[in-house]
Amino acid sequence: MGQTIVIVGGGAAGFFCAANIVKTGGTKIILLERSQKCLSKVRISGGGRCNVTHNSDSIAAMSKKYPRGEKFVKKTFHRFFVPDTIAWFAERGLKLKVEADNRMFPVTDDSQSVIDVLTRAVARNGVDIRLGQHVYDIVPKEQGFTLHIKGHQDIHADQLVIASGGFPKLEMFDWLQHLGHEIAAPVPSLFTFNIPRNPITDLMGLSVPEGTVKISGTKLQESGPVLITHWGLSGPGILKTSAYGALQLAAMNYNFQVQVNWLANYNEESFRQHLMTYKQEHPHQKLSNITGLPIPQRLWNLLLLFSQIEETQKWVDLPAKQLNKLAKNVTALEMKVSGKTTFKEEFVTAGGIELSGVDSQTMQSKYHEGLYFAGELLNIDGVTGGFNFQNAWTTAWIAAKTISAKI
Ligand SMILES: Cc1cc2nc3c(=O)[nH]c(=O)nc-3n(C[C@H](O)[C@H](O)[C@H](O)COP(=O)(O)OP(=O)(O)OC[C@H]3O[C@@H](n4cnc5c(N)ncnc54)[C@H](O)[C@@H]3O)c2cc1C
């Protein structure tokens, strides 16, 4: 009799694993999904376009984009990397395109086409998809595992893949407790900063192309576009800071001082020099009329206001004290953050199954033969840009190959 392979979770990782297992006669693949719909996150991902992966040919550079799991993905990417993802989808009729920031999307700009490819691949592999099957306990047996499912009969798995995604609370991992794996307590990653009652929020919609974000009292510092929203700050520079600082910012209960440099190419001193030169060269120009800086006019005007400088003031009349203040506000504007807001386009949980208990070459548990993990359930998360799906594809593919070799 063939083996029964059970996959828990009908998300990106569960489907990719189910599609890539090479079956022999008699093998059964059952995929259990607790909700009534599979691939829900794929559908809403990337603003409905699904940022499938990130264009990169360097495993070392790509791995650095994972605040948790960097060393682990460095190993897994040697088995299945970005070019493999691109080829996998292309072989099944879906081309991916690269955008200016290296995010990769389906050429259709529609996540439904990713869903269609995955659904077809799983159907072709004869996977038995069972919806409304909430696995609430897993008991390891001498041979395989018994899965307890709410309102349904227990089922037996010879080989078991857990691809249930991340959970926001530690107690939500309780159903995995019999497996004996350590769990890193989950905290949110990829969120935006709330800056209540700061006049900066009146400038919602404005952005700078390259800012630097620092968190006072920590070593956290990231660069990238910074966007002003009606609740505070967002954009890649902020999201990256939230990802690399996920644990520290949670420990601060999301109350901290952020320092934004609106011109990442300058520091306070070099910008002060720039202002002094500008003053010499344009003595009779108004301060509101500075040219050649990638700062939107309304933001510049607000930074003048924060520095107690009238927009109509001429450069020649600008006292050194005010000039210094302006240099500080442009390159290190301090704002008080009180709380966070979930980034709607893409968010993940940091935390999950500790990587020390999982073999990166096989995705098999180090404690139980025949048990595998894939996707966001693992304590791996990337910054925004397609990194989280790449981890799902890679870990699911490795688990599928290991299982295929065994059956
Ligand atoms: C709004 C949003 C947009 C995103 N956009 C992007 C993007 O563009 N690019 C990117 O790289 N990443 C993106 N991400 C992150 C990415 O979606 C996830 O990292 C990825 O979906 C993880 O895949 P997964 O299969 O591990 O988990 P999931 O997609 O979460 O799937 C897990 C599945 O398991 C099921 N399940 C859980 N527990 C059980 C149980 N006990 N029994 C049975 N079934 C169970 C769940 O119902 C779910 O369907 C986005 C996330 C969000 C929330």
Side-chain angles (χ1 to χ4, degrees), residues 1-33 38-39 72-73 75-81 84-85 87-89 91-92 117-130 133 135 138-147 149 154-165 176 178-181 352-353 355 357-378 380 389-407:
M1 224 178 67
Q3 292 206 355
T4 302
I5 298 153
V6 178
I7 298 169
V8 181
F15 264 59
F16 208 69
C17 184
N20 282 298
I21 293 172
V22 181
K23 293 203 302 186
T24 52
T27 308
K28 273 203 291 191
I29 308 176
I30 302 171
L31 186 146
L32 303 174
E33 167 55 46
C38 291
L39 299 169
F72 194 90
V73 298
K75 295 183 200 148
T76 58
F77 285 162
H78 277 288
R79 297 213 55 200
F80 191 90
F81 193 42
D84 303 306
T85 304
W88 193 92
F89 280 97
E91 280 158 22
R92 286 155 187 83
V117 168
L118 291 169
T119 308
R120 273 201 303 271
V122 161
R124 212 171 288 148
N125 219 11
V127 178
D128 174 5
I129 297 176
R130 301 185 187 172
Q133 308 266 327
V135 179
I138 298 172
V139 184
K141 297 283 170 189
E142 209 159 295
Q143 290 289 318
F145 305 85
T146 299
L147 280 76
I149 306 168
D154 298 350
I155 63 171
H156 171 82
D158 295 303
Q159 313 228 32
L160 175 63
V161 182
I162 308 191
S164 55
L176 299 171
H178 288 123
L179 302 176
H181 276 262
I353 298 281
L355 303 175
V358 183
D359 178 351
S360 62
Q361 291 309 298
T362 58
M363 293 317 297
Q364 187 166 220
S365 158
K366 289 186 182 166
Y367 313 139
H368 299 283
E369 167 95 29
L371 172 67
Y372 309 84
F373 298 100
E376 204 184 309
L377 171 73
L378 292 153
I380 299 176
F389 276 138
Q390 185 56 52
N391 173 55
W393 313 133
T394 296
T395 49
W397 187 90
I398 295 174
K401 288 301 134 185
T402 314
I403 293 169
S404 306
K406 281 195 189 172
I407 51 181

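This is a predicted model, so every value here is computed, not measured.
Ile407 is listed as a side-chain neighbour of Gln159, based on a closest heavy-atom distance under 4.5 Å. Residues Phe15 and Ile7 form no side-chain contact, since every pair of their non-hydrogen atoms from C-beta on lies 4.5 Å or further apart. Using a 4.5 Å heavy-atom threshold, the side chains of Phe72 and Val358 count as touching. You'll find the side chain of Glu33 stays beyond 4.5 Å of the side chain of Ile129, heavy atoms only. Between Trp397 and Asp84, every side-chain heavy-atom pair lies at or beyond the 4.5 Å cut-off. With a 4.5 Å cut-off on side-chain heavy atoms, Ile353 and Ile162 do not count as touching.
Classified by interplanar angle (parallel below 30°, tilted 30° to 60°, perpendicular above 60°), the ring pair His368/His181 is tilted. Classified by interplanar angle (parallel below 30°, tilted 30° to 60°, perpendicular above 60°), the ring pair Phe77/Phe81 is tilted.
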Original post:
Would Lys401 and Arg79 satisfy side-chain contact (heavy atoms from CB on, under 4.5 Å), going step by step from the backbone distance to the final call?
Top reply: CA-CA 10 Å; Lys401 288 301 134 185; Arg79 297 213 55 200; 4.2 Å; yes
Subject >> Residues Leu377, Leu176; criterion side-chain contact (heavy atoms from CB on, under 4.5 Å); working and verdict >> reply: CA-CA 11 Å; Leu377 171 73; Leu176 299 171; 4.0 Å; yes
**OP:** Determine, stepwise, if the pair Thr85 / Phe389 fulfils side-chain contact (heavy atoms from CB on, under 4.5 Å).
**Re:** CA-CA 10 Å; Thr85 304; Phe389 276 138; over 6 Å; no
Original post:
Could you go step by step and tell me if Lys28 and Thr4 meet the side-chain contact (heavy atoms from CB on, under 4.5 Å) rule?
Top reply: CA-CA 5 Å; Lys28 273 203 291 191; Thr4 302; 3.8 Å; yes
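Scanning both residues, Phe16 and Asn20, for their nearest heavy atoms gives O-ND2, 2.8 Å. Here the closest heavy-atom approach between residue Ala13 and residue Ala396 is recorded as O-CB, 3.2 Å. Residues Thr395 and Gly375 share a closest heavy-atom pair of OG1-N, 3.0 Å. Between Pro140 and Phe145, the closest heavy-atom pair is CA-CD2, 3.7 Å. Heavy atoms only, all atoms of each residue included: Gly10 and Leu31 are closest at CA-CD2, 3.6 Å. Here the closest non-hydrogen pair linking Tyr372 and Thr362 is CD2-O, 3.7 Å.
To the nearest 0.5 Å, the span separating CG on Leu355 from CD1 on Ile380 amounts to 5.0 Å. Expressed to the nearest 0.5 Å, how far CZ of Arg130 lies from CD1 of Ile155 amounts to 5.5 Å. In this structure, Ser164 OG and Leu32 CG are separated by 11.5 Å, a value rounded to the nearest 0.5 Å.
More than 12 heavy atoms of other residues, nucleotides or ligands sit less than 6.0 Å from atom NZ of Lys23. Annotation for Lys366: atom NZ counts as buried by contact number, over 12 foreign heavy atoms lying within 6.0 Å.
Screening Val122, Ile21, Ile30 for a side-chain contact (heavy atoms from CB on, under 4.5 Å) involving Val127 leaves a single residue, Val122. Here the options are Thr394, Leu378, Thr402, the test is side-chain contact (heavy atoms from CB on, under 4.5 Å), and the partner is Met363; only Leu378 passes.
Judged purely by distance below 3.5 Å, without hydrogens or angles, the side chains of His156 and Asp158 pair a donor atom with an acceptor atom.
Ring centers of Trp88 and Phe80: at least 6.0 Å apart, outside the cut-off.
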